[in-house]
Amino acid sequence: MIPIAKPLIGQEEIEGVMNVLRSGTIAEGPRVKEFEDAFRAYVGTDQAVAVNSGTAALHVALLARGIGSGDEVITTPFTFIATANSILFTGAKPVFADIEAETFNIDPAGIKNRITENTKAILPVDLYGHPADMKAIMDLAEDYNLAVIEDACQAHGALYHGKKAGSFDVGCFSFYPTKNMTTSEGGMITCGDGEFAEKARMLKSHGSKVRYYHEMLGFNLRMTDISAAIGLVQLKKVEAFNEARIKNSMLMSEKLKDIPGVVTPVVKPGCRHVFHQYTIRVTDEAALTRDELIQELNHACIGNSVYYPLPIHRQPSFEGLVNGDAYPVAERMSREVLSLPVHPSVTGDEIQFIADTLRVVLT
Ligand SMILES: Cc1ncc(COP(=O)(O)O)c(C=O)c1O
């Protein structure tokens, strides 16, 4: 079986964890601070606040920006559920804008006419590792005085015209095991604003700056030193991981060229796509439906997955929480997308096998 994702944990990560366990400081401690410093240097922001998941990063970032009941946040309906849930956690209302078919990311053209006097933020997602159209989004945010909370959970090291994902206004990252780098569970908020970072720090630790003095209602969303020890080693490797993903993806696109009904991923000019997922579209012109193709891939022991089969506005948990607008591109993409393995442990021979299998069953 060629798995769709595989965390790469080496001896250094194991030793890092063992050292933490031996130290006795196994909750938040010096490793977390070291990891925050290393991660902010990597992203190129002044501040980084570690938390225990990407979901926590989004939740805390929205709260630290003062977003709550009565506010609206514009986001994409084509993402992992946590993106939109984080808005609901604050009491604010998610407002969806449709996506671009090329990059699967929110289409800035659809954002403007959804801005109302209640809109407080835009929450774009760098889906699959391709940055959202950040210039257009930052321009809109400036014109309408909105915060931009960038969900970079899938985009460690992605670049938009030379700037790292997560370095525009506020960035939120996940270190879940399938991501381009991991800490087991874990997350990070990146930003340039020291006051905002201080608020985020309080929110993730019981609203407290000084132990047992609580200035606001907060949570326990802290990262542990055990996770940070893994993250410190993974951060040293993430560029090699990203390069391997990009190399595998370029090879896959080359080998899938000209198969009718298969649309390979697009990389927009000036962008570095870090291929958290390599996602093709299986259109109506293909010889098999997507479901039939999935069966063929399963039969050939080729890992694959649909991210995401049901757009958020159609999720049962969102019933009654969103307006009845149509999002035709998101709907079409949820019917057409299919992700294939390109993670760093996939070999050139395996890419050849995956591409050959697709070509045989689709031509
Ligand atoms: C786009 C996106 N947003 C948010 C999250 C939430 O991250 P986590 O699973 O670390 O809570 C994920 C990861 O699963 C994600 O892919």
Side-chain angles (χ1 to χ4, degrees), residues 4-7 32 35 39 48-63 73-90 94 96-97 99 103-106 121-132 134 137 148-158 165-166 170-190 200 203-204 219-224 226-228 230-231 234-235 238 245 273-279 305-313 315 317-318 330 333-334 337 339 343:
I4 183 71
K6 186 175 172 190
V32 170
F35 183 41
F39 199 78
V49 180
V51 286
N52 60 9
S53 71
T55 309
L58 290 161
H59 182 190
V60 166
L62 287 162
L63 287 177
V73 178
I74 301 177
T75 192
T76 163
F78 193 63
T79 177
F80 182 55
I81 193 83
T83 310
N85 279 351
S86 67
I87 301 167
L88 291 181
F89 296 158
T90 69
F96 296 118
I99 58 168
T103 62
F104 310 101
N105 284 327
I106 194 165
I122 307 172
L123 205 174
V125 179
D126 304 319
L127 201 73
Y128 306 146
H130 191 300
M134 292 309 290
I137 292 166
V148 176
I149 313 287
E150 181 187 359
D151 182 339
C153 284
Q154 303 187 354
H156 319 69
V170 175
C172 296
F173 292 85
S174 164
F175 304 119
Y176 188 73
T178 56
K179 298 294 193 273
N180 290 32
M181 59 172 284
T182 187
T183 61
S184 76
E185 297 277 5
M188 192 75 81
I189 304 165
T190 51
L203 282 162
K204 61 127 185 178
F219 307 86
N220 176 1
L221 299 170
R222 295 182 299 259
M223 181 179 274
T224 68
I226 301 169
S227 291
I230 302 172
Q234 289 269 303
L235 187 56
V238 70
R245 285 175 182 275
H273 187 334
V274 288
F275 291 98
H276 168 59
Q277 297 298 341
Y278 178 92
T279 303
S305 196
V306 173
Y307 306 106
Y308 298 91
L310 193 62
I312 309 248
H313 62 284
Q315 294 289 347
S317 67
F318 271 72
M333 294 309 118
S334 65
V337 290
S339 298
H343 53 81

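Atoms within a ligand are numbered from 1 in the order they appear, just like the ligands themselves. Atoms considered below: every heavy atom in the structure, side chains included; atoms not considered: hydrogens, waters and symmetry mates.
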Visitor: Just to confirm my output: which protein heavy-atom neighbour is closest to atom 9 (O) of ligand 1, and how far is it?
Guide: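 Among all protein heavy atoms, the one nearest atom 9 (O) of ligand 1 is Ser174 OG, 4.0 Å.
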
Visitor: Just to confirm my output: which protein heavy-atom neighbour is closest to atom 12 (C) of ligand 1, and how far is it?
Guide: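 Heavy-atom neighbour on the protein nearest atom 12 (C) of ligand 1: Phe80 CD2, 3.6 Å.
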
Visitor: Just to be sure I read this right, does ligand 1 sit under 4.0 Å from the backbone of Ser53, its side chain, both, or neither, counting only heavy atoms?
Guide: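 It is both parts that get close, each with some atom under 4.0 Å.
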
Visitor: Taking the six-membered ring for Trp, is the centroid-to-centroid distance between Tyr278 and Tyr128 below 6.0 Å?
Guide: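 No, they do not, as the ring centres are separated by 6.0 Å or more.
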
Visitor: For His276, is the nearest heavy atom under 4.0 Å from an atom of ligand 1?
Guide: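 His276: no contact with ligand 1 (<4.0 Å).
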
Visitor: Any chance the rings of Phe89 and His59 have centres within less than 6.0 Å?
Guide: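 When the ring centroids of Phe89 and His59 are compared, they turn out to be within the sub-6.0 Å range.
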
Visitor: Please check this pair: side chain of Asn52 against backbone of Met223, looking for a donor-acceptor N/O pair closer than 3.5 Å.
Guide: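 No: the side chain of Asn52 does not pair with the backbone of Met223.
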
Visitor: Using ring centroids (six-membered ring only for Trp), state whether His156 and Phe173 fall under 6.0 Å.
Guide: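 Yes, ring centres under 6.0 Å apart.
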
Visitor: Heavy atoms only: which of Asp151, Thr76, Leu127 lies closest to atom 2 (C) of ligand 1?
Guide: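 When every heavy atom of Asp151, Thr76, Leu127 is considered, Asp151 comes closest to atom 2 (C) of ligand 1.
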
Visitor: Distance from Tyr176 atom OH to Cys153 atom SG, nearest 0.5 Å?
Guide: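 One finds 13.0 Å between OH of Tyr176 and SG of Cys153.
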
Visitor: Any idea which protein heavy atom is nearest atom 16 (O) of ligand 1, and the distance to it?
Guide: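 Answer, as residue, atom name and distance: Gln154 NE2, 2.8 Å.
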
Visitor: Checking a contact table here: which protein heavy atom is nearest atom 15 (C) of ligand 1, and how many Å away?
Guide: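 Looking only at protein heavy atoms, the one closest to atom 15 (C) of ligand 1 is Cys153 CB, 3.7 Å.
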
Visitor: For the residue pair Phe35 and Phe175, is the inter-centroid distance of their aromatic rings smaller than 6.0 Å?
Guide: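 Centroid distance Phe35-Phe175: below 6.0 Å, so yes.
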
Visitor: I need the Leu123 CG to Thr79 OG1 distance, nearest 0.5 Å.
Guide: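 Interatomic distance, Leu123 CG to Thr79 OG1, rounded to 0.5 Å: 8.5 Å.
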
Visitor: Considering only protein heavy atoms, which is closest to atom 6 (C) of ligand 1, and at what distance to one decimal place?
Guide: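 For atom 6 (C) of ligand 1, the nearest protein heavy atom is Thr55 OG1, 3.5 Å.
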
Visitor: Provide, to 0.1 Å, the distance between atom 13 (C) of ligand 1 and the closest protein heavy atom, together with that atom's residue and name.
Guide: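 Of every protein heavy atom, Lys179 NZ, 2.7 Å lies nearest to atom 13 (C) of ligand 1.
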
